[in-house]
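In what follows, a single structure is set out as structure tokens and then discussed.
Being a predicted model, the structure only gives us computed values, none of them experimental. FYI, side chains are in, hydrogens and waters are out, and symmetry mates aren't considered; it's all heavy atoms of this structure. Residue numbers start from 1 in every chain, and the chains themselves are labelled A, B, ... in the order their sequence lines are given, proteins ahead of strands.
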Amino acid sequence: MIALCDVNNFYVSCERVFNPSLWHRPVIVLSNNDGCAVARSNEVKALGVKMGVPFFQIKNLVKQHNIAVLSSNYALYGDMSQRVDDIIALYSDQVENYSIDECFIRFNGHEHVNLVQHAEKMRQQIWQWLGLPVCVGIAPSKTLAKVANHCAKKLANVPSVFKLDTESKIQKALKNLPVKEVWGIGRQLSKQLNDMGIATALQLRNADLKSMRKRFSVVMERTILELRGIACIEFDADPEKKKQIICTRSFGEKITRLELLKEALAYHVTRACVTLRQQQSQAQSITIGIRTNAFNANSKQYSNSITIKLPQASCQTNLFLKAATQGVEKIFRLGYEYKKAGIVLNDISDAGMIQADLFMPQADDNKALMSVLDDINNRFGKGTLRSAQEGFNEDWVMKSEIKSPAYTTRFNEVIKVI
DNA sequence: TCTGGGGTCCTAGGACCC
DNA sequence: TCTGGGGTCCTAGGACCC
């Protein structure tokens, strides 16, 4: 059996832990740049606010219902997520972290215990120690565990830990589930399925495997098998390293000058390379992209990207900084208002796996420099030591106007109880 | 006026090989 | 009029997820 443990309304729940005034109020947490609603309390969901709605479109609703609105505080959410993981580790050593607020858990070796009771104890401990509400779905496959979790969260007569183990329970759950809600079935596929007369998860489960594989793909085939209780999506407790590292941001203000784009890109390159070194990897190619505001139909649009391949894989910030600067000079066009810039590191491999070039001098790998840089920044805080290319302008920094304190990760922001 | 960010996997098609 | 067969690797684009 596989369990899916998921924190309810995660970002909102994290905010509520440290701010009781939010307990009985509708709450929204915004995306980066205070752009969209990305987390909603149940009260807000009940008001019909959809995931990802632009904030400016719901400003009236916010006023009308006295909704509390917060910028996202990833230092807080990341730290709380780690604390949840620590508690879950007390209950199983087979955990696949699937996202910041959910994980799959296996209980091999726990066949003698009652899984529902075991998971219920875990749920209560997370609530008691952290004040975070979680639901747990248990089933024979990941996709069904997702369904079970969905039932636990959405259905009034279903407990917070819910096991889908008998054929009749599975049938009943799937019969009432729109096919769009199935893990792996998104907007495009559900539209096609609906056109075929497949509206519920149960109908999808009963569809003909061969013809579905032919019409769609192996992904669809696997989803159907998973709904039948045949686990075929791998459980991976030890995820591989990232295969690409992306750092992108929208700007708080529109930008027209190349110089500022370079600074923003330098900042992104720096962050990406830290991640790269943390997972002991190196990358050989970098893509640099810039774009105007695609939503603004009245402004002149431009978007472009360029990929630069390094002669050798590396994890040195300075090499990627140089590449990013050269790249953006090539794609920059004067006369546009830029809204977003970012970079992607690709061709990632394990650090030290160098395919040398017979005719090139051995690259100076600057290992010592990078590790001193990382050490100092780890000890004294991000950005203590940084490249001057990042500049000292703040023109492009994203908006984050209503952010809560870093309650758990910064000493001078820890709550004082007097 | 105001619209996020970071990932994964799969497939088709092109280029190339013998 | 007739034009092989069997592969690999890479990339772009599309779908999905949270």
Worksheet item: Between dC2(B) atom C1' and F55(A) atom CZ, what is the distance in whole Å?
Response: 9 Å
Discussion item. I'd like to know whether the aromatic ring centres of Y98(A) and F235(A) sit less than 6.0 Å apart in this structure.
Written reply: no
Item to complete: Take the protein atom CE of M398(A) and the nucleotide atom C1' of dG4(B), then report the distance between them rounded to whole Å.
Response: 9 Å
Item to complete: Mind checking K59(A) for me? I need base, sugar-phosphate or nothing, with any heavy atom below 4.0 Å counting as a touch.
Response: base
Response to the item:
Which of dC9(B), dT3(B), dC16(C) is nearest the side chain of R222(A)? It is dC9(B)
Worksheet item: At under 4.0 Å, does any side-chain N or O of S99(A) touch on OP1 or OP2 of dC17(C)?
Response: no
Practice prompt. Examine dT1(B): is either OP1 or OP2 under 4.0 Å from a nitrogen or oxygen in the side chain of K254(A)? Give yes or no.
Written response: no
Worksheet entry | Interatomic distance, E221(A) CD vs dC16(C) P [rounded to whole Å] | 18 Å
Worksheet item: Between I246(A) (CD1) and dG6(B) (C1'), how many Å, whole number?
Response: 5 Å
Discussion item. If you count every heavy atom of other residues, nucleotides or ligands that lies below 6.0 Å from Y267(A) atom OH, does the total exceed 12?
Written reply: no
Worksheet item: Between dG5(B), dC16(C), dG6(B), which nucleotide has the shortest distance from any of its atoms to the side chain of L189(A)?
Response: dC16(C)
Practice prompt. Report which part of the nucleic acid K339(A) touches: base, sugar-phosphate, or nothing (heavy-atom distance under 4.0 Å, all strands).
Written response: sugar-phosphate
Practice prompt. Starting from P on dC17(C), measure out to CD on E234(A) and report it in whole angstrom.
Written response: 20 Å
Worksheet entry | Whole-Å gap separating C1' (dC10(B)) and CD (Q188(A)) | 15 Å
Discussion item. To the closest 0.5 Å, what do you measure between CD1 (I105(A)) and CE (M122(A))?
Written reply: 3.5 Å
Worksheet item: With a non-hydrogen cut-off below 4.0 angstrom, is V53(A) in contact with a base, only sugar-phosphate, or nothing?
Response: nothing
Worksheet item: From dT3(B), dG5(B), dG6(B), pick the nucleotide closest to the side chain of C247(A)?
Response: dG6(B)
Worksheet item: Under 4.0 Å: is that the gap between some side-chain N or O of K146(A) and OP1 or OP2 of dC17(C)?
Response: no
Worksheet item: Should the ring pair H110(A) and H118(A) be called parallel, tilted or perpendicular, given that the plane angle runs from 0 to 90° and is split at 30 and 60?
Response: tilted
Worksheet item: Within the structure shown, what part of the strands sits under 4.0 Å from I100(A) by heavy-atom distance: base, sugar-phosphate, or nothing?
Response: nothing
Worksheet item: In whole angstroms, how far is the C1' atom of dG6(B) from the CG atom of N97(A)?
Response: 16 Å
Worksheet entry | Whole-Å gap separating C1' (dT11(C)) and NZ (K309(A)) | 12 Å
Worksheet entry | Spacing of C14(A) atom SG and I100(A) atom CD1 [to the nearest 0.5 Å] | 7.5 Å
Discussion item. Just to be sure I understand the rule, does L30(A) reach a base, reach only the sugar-phosphate, or reach nothing, if contact means heavy atoms closer than 4.0 Å?
Written reply: nothing
Fill in: Sugar-phosphate, base or nothing in reach of D101(A), heavy atoms under 4.0 Å
sugar-phosphate
Worksheet item: Hey, does E102(A) reach any base, or is it just sugar-phosphate, or nothing, if we go heavy atoms under 4.0 Å?
Response: sugar-phosphate
Worksheet item: Got more than 12 heavy atoms from elsewhere within 6.0 Å of CD, E167(A)?
Response: yes
Practice prompt. Answer with base, sugar-phosphate or nothing: what part of the nucleic acid does V29(A) contact at a heavy-atom distance below 4.0 Å?
Written response: nothing
